[in-house]
Amino acid sequence: MAKESTTIDVGEPSTVTKSSSHVVVDEKKKKGFVAAAAGGGYKRGLAIFDFLLRLAALGITIGASSLMFTAEETLPFFTQFLQFQAGYDDFPTFQFFVISIAIVASYLVLSLPFSIVSIVRPLAVAPRLILLISDTVVLTLTSAAAAAAAAIVYLAHNGNANTNWLPICQQFGDFCQATSTAVVAASISVVFFILLIVISAIALKRH
């Protein structure tokens, strides 16, 4: 009686599963790279806008400090012992304004390299975090200088009847015009710093 043998055909190991798993991994990597590239492009756009805002704020702060520093007017009439003259150095608040806004302008110059680094490396966290903290501090200084100078400009235009402080802008029109323009320019720079802080916060939030 012949002995029957049973043969089990195992077959070759299938490579379909392995190849499909490699395809899935490659697809995930590609999606990750695409997402990273999209995030980098978005952050680079924010960084470019940040750089342009800093240039604009630099020009405004230099103009505001220069206007206040050169604000001076001498009336055409005078007495033997008295000459009617008004200058920024006659008001300690205006002196504080000039020094503070000059510091702000210097800071903006120093912050430009960090902004450029954020353009070149949009995913870097350190330069953006440094700018966020520094901008917040400088915003406080700019707001204090602008608010203090605005109070003096208001008194120069309107005076104060309760304390018998008379307005001087009717006599020193050019002086008041220059100081008022400087305060307005500083106020615009405050808005720019708020935008810069918002941009940095958005860029950091995306990490």
Side-chain angles (χ1 to χ4, degrees), residues 22-71 93-151 153 178-207:
H22 283 301
V23 171
V24 172
V25 172
D26 291 339
E27 288 296 329
K28 289 182 178 179
K29 287 183 179 180
K30 288 180 180 179
K31 289 181 179 179
F33 291 150
V34 171
Y42 178 76
K43 293 177 188 298
R44 182 171 284 109
L46 287 176
I48 293 173
F49 187 47
D50 176 279
F51 182 77
L52 295 177
L53 276 179
R54 290 181 189 280
L55 289 179
L58 176 61
I60 290 176
T61 51
I62 291 176
S65 183
S66 301
L67 271 175
M68 186 66 77
F69 182 76
T70 57
T93 303
F94 288 164
Q95 294 178 10
F96 169 71
F97 179 91
V98 170
I99 295 173
S100 299
I101 301 302
I103 292 174
V104 172
S106 301
Y107 160 75
L108 286 169
V109 173
L110 296 177
S111 69
L112 290 178
F114 292 93
S115 183
I116 294 174
V117 170
S118 297
I119 297 175
V120 177
R121 299 182 59 189
L123 298 179
V125 179
R128 181 61 64 189
L129 184 59
I130 292 174
L131 289 176
L132 175 61
I133 297 173
S134 302
D135 289 344
T136 304
V137 174
V138 174
L139 171 63
T140 305
L141 179 61
T142 309
S143 301
V153 169
T179 55
S180 300
T181 305
V183 171
V184 171
S187 301
I188 295 175
S189 68
V190 169
V191 176
F192 281 4
F193 273 111
I194 294 175
L195 292 176
L196 289 172
I197 292 173
V198 171
I199 290 174
S200 296
I202 293 175
L204 289 174
K205 185 178 179 181
R206 292 287 180 175
H207 283 280

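Quick caveat, the model's predicted, so the values are computed rather than measured. Scope of the values below: all heavy atoms of this structure, side chains included, with no hydrogens, waters or symmetry mates.
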Interatomic distance, CG@L46 vs CG@L53, rounded to 0.5 Å, equals 10.5 Å

Interatomic distance, OG@S134 vs CD1@I197, rounded to 0.5 Å, equals 10.0 Å

ask   = Is there a side-chain contact (heavy atoms from CB on, under 4.5 Å) between I103 and V138 once you walk through the steps?
value = CA-CA 9 Å; I103 292 174; V138 174; over 6 Å; no

For I60 and A185, the nearest pair of non-hydrogen atoms, with its separation, is CG2-O, 3.0 Å

Between the CD1 atom in I62 and the CD1 atom in I101, the distance rounded to the nearest 0.5 Å is 11.5 Å

*Is the backbone of A203 close enough, under 3.5 Å, to the side chain of K43 for a donor and an acceptor to pair up by distance?*
yes

Under 3.5 Å: donor-acceptor pair, side chain of S100, backbone of F97: no

Check your understanding: Between the main-chain N or O of A102 and the side-chain N or O of S106, is there a donor-acceptor pair closer than 3.5 Å?
Key -> yes

Would you say that more than 12 heavy atoms from the other residues, nucleotides or ligands in this model lie under 6.0 Å from the OH of Y107, or not?
yes

- request: Give the C-alpha distance, both sets of side-chain angles, the deciding distance and a yes or no for side-chain contact (heavy atoms from CB on, under 4.5 Å) between R128 and L132.
  value: CA-CA 6 Å; R128 181 61 64 189; L132 175 61; 5.7 Å; no

- Message: L196 vs L131, test: side-chain contact (heavy atoms from CB on, under 4.5 Å). Steps then yes/no.
- Response: CA-CA 9 Å; L196 289 172; L131 289 176; over 6 Å; no

Check: Would a 4.5 Å heavy-atom cut-off, applied to side chains only, mark V153 and F94 as touching?
Finding: yes

Between A186 and A146, the two heavy atoms sitting closest are CB-CB, 4.0 Å

Salt bridge (Lys or Arg N to Asp or Glu O under 4.0 Å) filter on D135, not counting sequence neighbours, yields R54

Looking only at atom types and distance, does a side-chain atom of S111 sit under 3.5 Å from a main-chain N or O of L108, one as donor and one as acceptor?
yes

Practice prompt. Under the side-chain contact (heavy atoms from CB on, under 4.5 Å) rule, what do F193 and V190 come out as? Steps first, then yes or no, please.
Written response: CA-CA 5 Å; F193 273 111; V190 169; 5.8 Å; no

